[in-house]
Amino acid sequence: MSSDPPTEVTVPLPRGRTECCYSMCMYDDDEPIATFRCSTCKNQFYCSAQCQKKDWKSHKYNCSPLNGPSAGITRGKDFDDELERMDKILSDWMTAFQAAGGPEAPKGRQIACSLPEAQVLRDLEQSALLPQYTRELPDSSKYPYRRPIVLIARIFLVELVTQLSPENKKTIEDYLVNSSDRFPPDFASLYGPKFTARPADLSPGEYAQFPSIAVTIVLFSQEVRQRWISTQVAINMLWSASDAASNYKQSVRQK
């Protein structure tokens with residue numbers, strides 16, 4: 001796999017909304033309001049500049065450009081090797097976690113990050129074969145699993161999009177657009193046409209949100225769905241695991 005020069009991508013505008021996307025907006029939702037779009041993602045709407053400014057602290061992690069230069073990625077043996085490597089790291093952790101009791105086990109979250117396989121996942125390095133992912137993640141220094149999980153979701157999504165037929169792309173685009181309405185306004189808005197047009201250019205929040213939708217898409221093969229199931233379990237168990245969790249790991253080994 002290699003990187004091609006950035007290419008310009010044009011994605012149609014998301015449909016408009018009448019409600020303000022700032023979760024703490026005090027405007028009466030019973031009355032229509034004239035909203036304006038976020039200038040970057042074009043899919044976040046506000047009733048005022050004040051609401052937009054207050055919302056940016058969280059929205060910046062869910063915001064990615066709708067149009068403009070997109071990372072070029074060429075499929076090949078290097079890509080397949082990197083995909084296999086990341087898939088194995090996640091799969092090995094998932095297998096070990098299930099053997100230890102899985103999400104239903106007492107202290108499941110502590111067990112999830114105490115496994116040797118979790119350390120491998122945590123230390124996952126960004127592949128030099130993909131365009132570098134430089135987006136800031138929320139509290140990534142405190143929560144060290146967030147970055148590797150996003151990198152895994154990113155390569156999984158790139159691989160998924162390259163395998164889709166035009167018909168299935170359209171199905172997923174529509175499914176994502178309709179599914180986004182189910183999430184609270186402070187969650188990432190999953191705009192389908194952007195996901196299929198520029199899968200390597202999304203925000204941390206979009207990558208973290210997609211697995212919860214991907215596991216419900218029945219047109220995916222069992223292998224693909226299992227990848228997304230494992231990714232979602234990792235998000236549930238490890239996303240908010242901090243460095244302090246290593247203390248539990250050490251205490252377990254000393255007993």
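The first residue in the sequence is number 1, and the count goes up from there. As the structure is a computational prediction, the values presented were derived from the model and not from experiment.
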Checklist entry - side chain to side chain contact (heavy atoms under 4.5 Å, CB included) between Gln44 and Tyr22: does it pass, once the steps are laid out? => result CA-CA 9 Å; Gln44 196 82 344; Tyr22 178 44; over 6 Å; no

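- Minimum interatomic distance between Arg37 and Gly16 (heavy atoms only, all atoms of both residues): NH2-N, 4.0 Å.
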Checklist entry - Could you go step by step and tell me if Val177 and Arg15 meet the side chain to side chain contact (heavy atoms under 4.5 Å, CB included) rule? => result CA-CA 9 Å; Val177 169; Arg15 65 175 181 241; 3.3 Å; yes

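- Side chain of Asp87 to main chain of Leu83: no donor-acceptor pair is present (N/O by atom type, distance under 3.5 Å, no hydrogens or angles).
- Leu124 and Ile89 make their closest contact through CD1-CD1, 3.8 Å (heavy atoms, listed as atom of the first residue, atom of the second, distance).
- Between Tyr143 and Leu137 the shortest side-chain heavy-atom distance does not fall below 4.5 Å.
- Linking ILVMFWY residues whenever their side-chain heavy atoms come closer than 4.5 Å, directly or via other members, places Met94 and Val215 in the same cluster.
- Side chain of Arg147 to backbone of Gln126: no donor-acceptor contact under 3.5 angstrom is found.
- Residue Tyr191 is not grouped with residue Tyr207 when hydrophobic side chains (ILVMFWY) are merged at heavy-atom distances under 4.5 angstrom, including chains of intermediate members.
- By the 4.5 Å heavy-atom criterion applied to side chains, Gln232 and Ile235 are counted as neighbours.
- Side chain of Thr216 to main chain of Ser212: no donor-acceptor pair is present (N/O by atom type, distance under 3.5 Å, no hydrogens or angles).
- Asp139 places none of its side-chain heavy atoms less than 4.5 Å from the side chain of Tyr61.
- Between Glu223 and Arg227, at least one side-chain N (NZ, or NE/NH1/NH2) sits under 4.0 Å from a carboxylate O, which counts as a salt bridge.
- With Phe45 as the aromatic partner, Arg17 does not meet the cation-pi criteria of under 6.0 angstrom to the ring centre and within 45 degrees of the ring axis.
- In terms of heavy-atom proximity, Cys47 sits nearest to Cys20 at N-SG, 3.5 Å.
- Without hydrogens or angle criteria, Ser64 side chain to Leu202 main chain gives no donor-acceptor distance under 3.5 Å.
- Ring-plane geometry between Tyr46 and Phe36 is classed as tilted, the angle between the planes lying from 30 to 60 degrees on a 0 to 90 degree scale.
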Item to check | Pair Ser230-Gln226, side-chain hydrogen bond (donor to acceptor under 3.5 Å, both in side chains): steps then yes or no | outcome: CA-CA 6 Å; Ser230 298; Gln226 186 56 53; 3.2 Å; yes

Next on the checklist: Determine whether Val233 and Trp93 satisfy the following criterion, side chain to side chain contact (heavy atoms under 4.5 Å, CB included), listing intermediate values before the conclusion.
Outcome noted: CA-CA 10 Å; Val233 172; Trp93 171 80; 3.8 Å; yes

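- Using bins of under 30°, 30° to 60° and over 60° for the plane-to-plane angle, the ring pair Trp228/Phe156 lands in the perpendicular bin.
- Between Trp56 and His59, the angle of the ring planes goes over 60°, which puts this pair in the perpendicular group of the 30/60° scheme.
- Smallest separation of non-hydrogen atoms from Pro204 and Val150: O-CG2, 4.1 Å.
- Checking side-chain atoms of Ser114 against main-chain N and O of Ile111 turns up a donor-acceptor pair under 3.5 Å.
- Residues Leu66 and Cys41 approach most closely at CB-O, 3.7 Å, considering heavy atoms.
- Sparse packing is recorded around CD of Glu84, with 12 or fewer heavy atoms of other residues, nucleotides or ligands lying under 6.0 Å away.
- Panel note: side chain Thr95, backbone Asp92; no donor-acceptor pair is recorded below 3.5 Å.
- Between the side chain of Arg122 and the backbone N or O of Tyr145, no donor-acceptor pair lies under 3.5 Å.
- With rounding to the nearest 0.5 Å, the separation of CD1 in Ile149 from CG in Leu90 is 8.5 Å.
- Summarising the geometry, atom OH belonging to Tyr175 is positioned 14.0 Å from atom CG belonging to Asn168; distances are rounded to the nearest 0.5 Å.
- Contact of the Gln52 side chain with the Cys21 side chain is not registered, since no non-hydrogen atoms from C-beta on lie closer than 4.5 Å.
- Between the CZ atom in Phe195 and the NZ atom in Lys169 there is a gap of 14.0 Å [rounded to 0.5 Å].
- One distance of note links NZ of Lys42 with NZ of Lys194; it measures 11.0 Å at 0.5 Å rounding.
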Item to check | Audit row: Cys38, Cys63, side chain to side chain contact (heavy atoms under 4.5 Å, CB included) steps and yes/no | outcome: CA-CA 9 Å; Cys38 169; Cys63 182; 3.8 Å; yes

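- Residues Leu160 and Phe210 meet the side-chain proximity criterion, which asks for heavy atoms closer than 4.5 Å.
- Side chains of Ser203 and Arg135 form a contact here, defined as non-hydrogen atoms less than 4.5 Å apart.
- Closest approach of Ala153 and Thr231 over heavy atoms only: CB-CG2, 4.4 Å.
- In the displayed structure, Lys54 atom NZ is contacted under 6.0 Å by at most 12 heavy atoms of other residues, nucleotides or ligands.
- To the nearest 0.5 Å, atom OH of residue Tyr133 and atom CG of residue Leu151 are 8.0 Å apart.
- Ionic pairing of Arg85 and Glu82 is present here: one or more N-O contacts between side-chain nitrogen and carboxylate oxygen are shorter than 4.0 angstrom.
- Atom CG of Leu190 and atom CG of Asn43 lie 9.0 Å apart (nearest 0.5 Å).
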